[in-house]
Amino acid sequence: MASQRRKAREEFFDRLDQLDDLSDSETQLDTSSGAKDALRPDSTRRSTRSKSVKPSLQKAASSPQVLTAPVPPVTLLPAASAPGRPTASLKRARSDAVPPSSKLKRNAKRKQETVVPAQALIFPPEMCFLFVPNRGLTSLQQSQIDEAEKHGARLAAEFSKNVTHIVVDSNWTLSQALEELPDKCHPTGITMVNWTWVVESLLYGLRDSDQHRFRVKGATGTTSLHQTSSTDKRPAPSTDHDLMVAEPKQRNVGQTTPQKNGRAASEADPELSRNETDKNAQTDDQDELDLLQKEMDKNDPAIEDLMEHDPSSKFEGNYVIEQSSNGNLEHGSFSCMNKNERNRSSSNPNQVTIRLLNQMAEIYDANTADQWRARAFKQAASALARQKELVATEEQAAKIRGIGASIAPKIEEIVTKGRLARLDEANNDPLHKTRVLFSRVYGVGGAQAAAWVAAGYTTLDDLKRYVGLTPNQRIGIEHFDDFETRIPRAEVVQHGLIVDHALKQTDQELKMYIGGSFRRGSPDSGDIDILITKEGAGMEQIQTVVMDTLIPQLKQQGFIVAELASGHWTDKETPSKWMGASVLPGQSIWRRLDILFVPWEELGAALIYWTGNDFFNRSLRLLASRKKMRLNQHGL
DNA sequence: GCCC
DNA sequence: CAGTACG
DNA sequence: GGGCCGCTACTG
């Protein structure tokens, strides 16, 4: 029996071996020592758990790909932060920090005022559009053009001087599009965008055509035809000023940037725009990151080895796709088996649809009774994010796993009309809106939000004044904007460096990893996830160090500004995480900071958990359970 | 709401 | 315990 | 028609 179970577990790890997921394409592997045999439940610590689990995980130990989850190019590994560096960077963080908070505050203010009144003029009269292709349009395209016309779009029948915008079918490449145009269309200053730009503009108001996802396929750096004389030129706010990560995530939801006529592009040279944007950012730790990167490579020669194999090749060769004894579980129905295509960000043609579906999810999420419906919407959105092409029709949509009879037509509705009636409906209902708003506060969920709405409160201010808030909720309201503001990758690193520095002062052996979306390679994150462990250490030891030394010290230096949840000791349980907020020296935005205490024995499982994302974790855990095993952050 |  | 949170 | 992640952790 026990050996059977062990065998099953080994198979599970074999499968895991094949997961080149987790990684987002440009993966590198974290080979930092101890993760090796770490995905093992700590059989000594918890009696409840231990009896069913045998810790022999040799197989796991020999599968470094699995247990040492991949890290993005720049990661704050213990090894990477050589003594001395953190000090230096800490100093820099202090002195270079942008003093005035006003800008940041304002930044935090932007919120989604999304929905534009149906009849409003979206496209100013000075704009003139040429659609490519110009004839032989699908009915879908035609209806979108009609819709655009209703909102003020002027159309050109053919290329002429008057044309200010060339709108190219999202599936067309630049060269295809150019063939449709007269040989010599030299007028400069014409903006080239893909179809998505129009659809999104219809929905959210005029979009900034500089954004990556509006680029015509195959147009490498510029959205303009020819080398236009750049008029104004500041790169769009969301260009990749963040290391080598492919594309920054689209994050300015519903924000409308006024479109200037004859706007030219400057994205041809990413270096350039990055440097430019960095000036606006709070720090220039680009070089520092590069340095960290180099150190890391040096310290982890194994990275090279691992990177040599094309991950996909692991699926060929000697591996037979699943002949598991557990029936046919693996039809690809587990998203944890899919590689992350990193297609979700700005370049995804389904951007709009994804956003609306997520908004639907948010609405149902604010409603306790509908958590499963919310989940379905999120999963549908996530499925769409994996598509490379625009999904425009109900038929197309219905083919995708995770999208069914109810959501498929909604997708078509979104793409054709640029809006979703059900969503508008909800947004027009103030009670509904308020509930969604309330539930966005940290510490407030569907139940509480519903109760408050029922009690007649309508603003966050009401809550502050009249309601008995928990301490956490008060903080959540007080820093509502802060907590919804995305954190640039570079800033995540700075928070990490500060923690690491404090950590090393207590004990050089303590190790720290930054997890979450940072570890998955995202250009920005919603919060900062830190994992702390130490070779050979147990939960108690880590917990003690963190709670007795690290946290007090960070508080004292003004870095930690709030404590939302730290655990309490009981007879059986040692607290295992700390949640709170931190602020970079000289700045004013509070950032959510989560710290996970991890016994060395559990590092593997903890890294899986702390790296996520949540869909991945749920999928992987579901997979485990189908195989009669359970996976959590402590082990398998 | 989707999937088995 | 229910509610909320974490990935 | 039942399951959808976790014998997850923390708060009140």
- Polar pair under 3.5 Å, donor/acceptor by atom type, side chain A:R630, base D:dG6: no
- Whole-Å distance, A:W569 CH2 to D:dA9 P, equals 14 Å
- Axial cation check for A:F518 ring with A:R489, 6.0 Å and 45° limits: yes
- note: A:R621, atom CZ; C:dC6, atom P; distance rounded to Å ~ 15 Å
- Name all residues meeting the salt bridge (Lys or Arg N to Asp or Glu O under 4.0 Å) criterion together with A:E413; count only those two or more places apart in sequence or in a different chain, and write none if there are none. none
- Query: Looking at residues 527-534 of chain A, who's got a heavy atom less than 4.0 Å off DNA chain C?
  - Reply: A:D527, A:D529
Output side-chain donor-acceptor pairs under 3.5 Å for residues 442-453 of chain A, partner residues at least two apart or in another chain, one line each.
residue : atom : partner : partner atom : Å
A:Q448  : OE1  : A:W452  : NE1          : 3.1

- Quiz item: A:D614 side-chain donor-acceptor pair to C:dG7 base, under 3.5 Å: no
- Task: Step by step, work out the side-chain contact (heavy atoms from CB on, under 4.5 Å) result for A:R375 and A:Q371.
- Result: CA-CA 6 Å; A:R375 176 184 181 273; A:Q371 52 161 315; over 6 Å; no
- Message: Can you tell me if A:N472 touches the phosphate of D:dT11, counting only side-chain N or O atoms and a distance under 4.0 Å to OP1 or OP2?
- Response: no
- Cationic N near anionic O, under 4.0 Å, A:E563 to A:K555: yes
- Item | Rounded distance (Å) that lies between atom P of C:dC6 and atom CZ of A:R618 | 14 Å
- Only counting residues at least two apart or in another chain, list the ones meeting side chain to side chain donor-acceptor pair (under 3.5 Å) with A:D594. A:R592
- Message: Looking only at the side chain of A:Y609 (C-beta and beyond, no hydrogens), which of the listed nucleotides D:dC4, D:dG6, D:dT11 gets closest?
- Response: D:dG6
- Task: Using both pair distances under 3.5 Å as the test, note the stems of at least 3 consecutive Watson-Crick or G-U pairs that include DNA chain D.
- Result: B:1-4 with D:1-4, C:1-5 with D:8-12
- Message: Quick check on D:dT11: is either OP1 or OP2 less than 4.0 Å from any side-chain nitrogen or oxygen of A:H568?
- Response: yes
- Task: Rounded to the nearest angstrom, tell me the gap between atom CZ in A:R474 and atom P in D:dG12.
- Result: 13 Å
- Message: Side-chain N or O of A:R375 versus OP1/OP2 of D:dC5: is the shortest distance under 4.0 Å?
- Response: yes
- A:H432 and A:D429: side-chain donor and acceptor closer than 3.5 Å? no
- Task: Considering only heavy atoms of chain A and a distance under 4.0 Å, specify the first and last nucleotide of DNA chain B in 5' to 3' order that meet this criterion.
- Result: B:dG1 to B:dC4
- Task: Round to a whole Å and report the spacing from CG of A:N617 to C1' of C:dC6.
- Result: 9 Å
- Mind calculating the distance between CH2 (A:W610) and P (D:dG6) to the nearest angstrom? 18 Å
- Closest to side chain of A:Q633, choosing from D:dG12, C:dG7, D:dT8: D:dT8
- Message: Tell me whether the side-chain N/O atoms of A:R592 come closer than 4.0 Å to OP1 or OP2 in C:dC6.
- Response: yes
- Presence of salt bridge, A:D424 and A:R419, under 4.0 angstrom: yes
- Item | Side chains of A:R440 and A:F480 in contact at under 4.5 Å (non-hydrogen atoms) | yes
